2 protein chains.
Amino acid sequence: MRDFSADHRWLSINTATLRGAGTLDRIIECCVRHGIRAISPWRDQVHAIGLERTAELVREHTLELSGYCRGGMYPAIDAAGRRRAIDDNRRAIDEARALDAACLVLVVGSLPGALEGRPQSKDLFAARSDVHDGIAATLEHARAADMPLAIEPLHPMYAADRACVNTLEQALDLCDAIDPATGEAPGGGTRTRAALGVAVDVYHVWWDPKLEAQIARAGRERLLAFHVCDWLVPTRDLLNDRGMMGDGVIDIPRIRGWVEAAGFDGYSEVEIFSSENWWKRPEDDVLATCIERHRSCV
Amino acid sequence: MRDFSADHRWLSINTATLRGAGTLDRIIECCVRHGIRAISPWRDQVHAIGLERTAELVREHTLELSGYCRGGMYPAIDAAGRRRAIDDNRRAIDEARALDAACLVLVVGSLPGALEGRPQSKDLFAARSDVHDGIAATLEHARAADMPLAIEPLHPMYAADRACVNTLEQALDLCDAIDPATGEAPGGGTRTRAALGVAVDVYHVWWDPKLEAQIARAGRERLLAFHVCDWLVPTRDLLNDRGMMGDGVIDIPRIRGWVEAAGFDGYSEVEIFSSENWWKRPEDDVLATCIERHRSCV
């Protein structure tokens, strides 16, 4: 297991963590100031300053992108909606390619309308079918762009509105169904990253009694991203009350040990949604804390 | 599948649903007034009016108990704490026996101190070990009392503070490990209820992609209780924002179909924690709505 205690070269900042800090150019400046080598930006933040401008900043500061957030949201109430989702995912792949991201993270979606508070269906089976078909319809474009797609299983408390893929086992079953060929690179030799894999966020999966076994099953090829934050006790909001690493009950080093034993050697990406705490603090304090906790608690 | 549309003979009221209505004797009167045949009371409500008085009321109104809530909470930071938990579970079994409950529901517990907001451990493995050992240490007493124990897998959002058993598969794995002998009754013949089984609450398990298969695996012997309410979109509180059946996104009839296909023929027990809605309404309105929704949405 890599030693993180001496530096933060394997720390990546998901830019949602700094939502309180303003536009993406300001967030990038702040990360650079703290010696952060990698980020994972959100599409709305990129669109706000422009893809070209973002690409310039990334090149200028030789930043890496541990991921691009996010594609997915495939289910829809009708065929036109499903087509729009697939088209949008293709654009997201192109943007991720332009920024040379390590993967496009997929939050796959669930019951149509639920995210807007007006669910139009109770049919999780239909949603899962839409997700399967949507990823399958997106995968060739992703392969052509050499942009791996990372299915992020979300915590079951988001099963209604954000993702109907809620365990790592379920995500890997999807990977095996849609992208069964692993082990060989398109140009020959052994590939290190599958075209379709998973993003493991400790917040979403820490509770899962099958987590260790499923991480081992995923292996190096399918483990495309590793996200960290913490589960607070009590948790006061289903979406925006994530904790800083070390402030909650997740045994993060144990999970990182499993991920690294399976061959993952990429960034630990900090993603904290925290409307009542971290988003209200000065961004330099937030980053200084991320760095300190990355060294001591990840 | 049984037809619930014509009457409510298979409706049971978990008395937590009427927490706004006062003491258990008042709650029982209200249930009787509405022709409810079964209840599932909580220990604190029973203790408040006394076990003897509760038993009298149950006999007087020929009520059945679809369950008794609750045992469990096995993990502790030291051996003395674990012993206290086992002793308390034995008392809960005796109370359930005195009330002739169908089962004692187990909310198994998780990280010591977390329920009080001061977690003393991050070790889910230790908690799960305590739960295994605690149930095993309780089971002989339960067998002697002929009181089945029903492990209730709780939604993963309660993994830190309430239960480290979070899927039906995990609960059934525990059952198979601790109580492997099924199929034969102590006195000979085929038993219909295992000594150790599960309580399936749609709120906790509706999201699970393996739910149908695990319900089939459980079978008639292990399916000891079936609880209903609904998952609201959005859900505003992790504990006390459960919905009335029909107000959320759970496809309850589909799940009831699976449970009945596996042989379950008991009560549908309504258990709604709702501090900002149903607990504030008059108890007769709550019960009238439960009855109407039981007929139309369960």
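Given the structure is predicted, the values throughout are model-derived calculations rather than measurements.
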Residue [X] versus chain A: region with a heavy atom under 4.5 Å:
{"X": "B/Arg254", "answer": "side chain"}
{"X": "B/Ser110", "answer": "neither"}
{"X": "B/Leu239", "answer": "neither"}
{"X": "B/Pro119", "answer": "side chain"}

Is there a side-chain contact between B/Arg128 and A/Pro209 (heavy atoms, below 4.5 Å)?
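The answer is yes; the side chains approach within 4.5 Å.
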So which atom in [X] and which in [Y] form the shortest heavy-atom distance, rounded to 0.1 Å?
{"X": "A/Met157", "Y": "B/His155", "answer": "N-CE1, 3.4 Å"}
{"X": "A/Asp237", "Y": "B/Leu238", "answer": "C-CD1, 4.2 Å"}
{"X": "A/Lys122", "Y": "B/Asp230", "answer": "NZ-OD2, 4.4 Å"}

Which one, A/Ser121, A/Ala160, A/Gly117, leads in non-hydrogen pairs under 4.5 Å with chain B?
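Top option by heavy-atom pairs under 4.5 Å: A/Ala160.
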Who wins among B/Asp251, B/Leu124, B/Asp173 for the most heavy-atom pairs under 4.5 Å with chain A?
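Of the options given, most contacts go to B/Leu124.
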With chain A, which of B/Leu111, B/Val249, B/Val165 has the greatest number of heavy-atom pairs at distances under 4.5 Å?
B/Val249
Contacts with chain A made by residues 200-208 of chain B (heavy-atom distance under 4.5 Å), listed by residue number:
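Within residues 200-208 of chain B, near chain A: B/Trp206, B/Trp207, B/Asp208.
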Any idea how B/Trp258 and A/Phe125 line up, ring-wise: parallel (<30°), tilted (30 to 60°), or perpendicular (>60°)?
perpendicular
Heavy-atom contact with chain B under 4.5 Å, split by part of A/Leu115
neither
Go through the steps to decide whether B/Glu169 and A/Lys210 satisfy the test side-chain contact (heavy atoms from CB on, under 4.5 Å), and finish with yes or no.
CA-CA 10 Å; B/Glu169 181 175 31; A/Lys210 303 180 87 171; 3.2 Å; yes
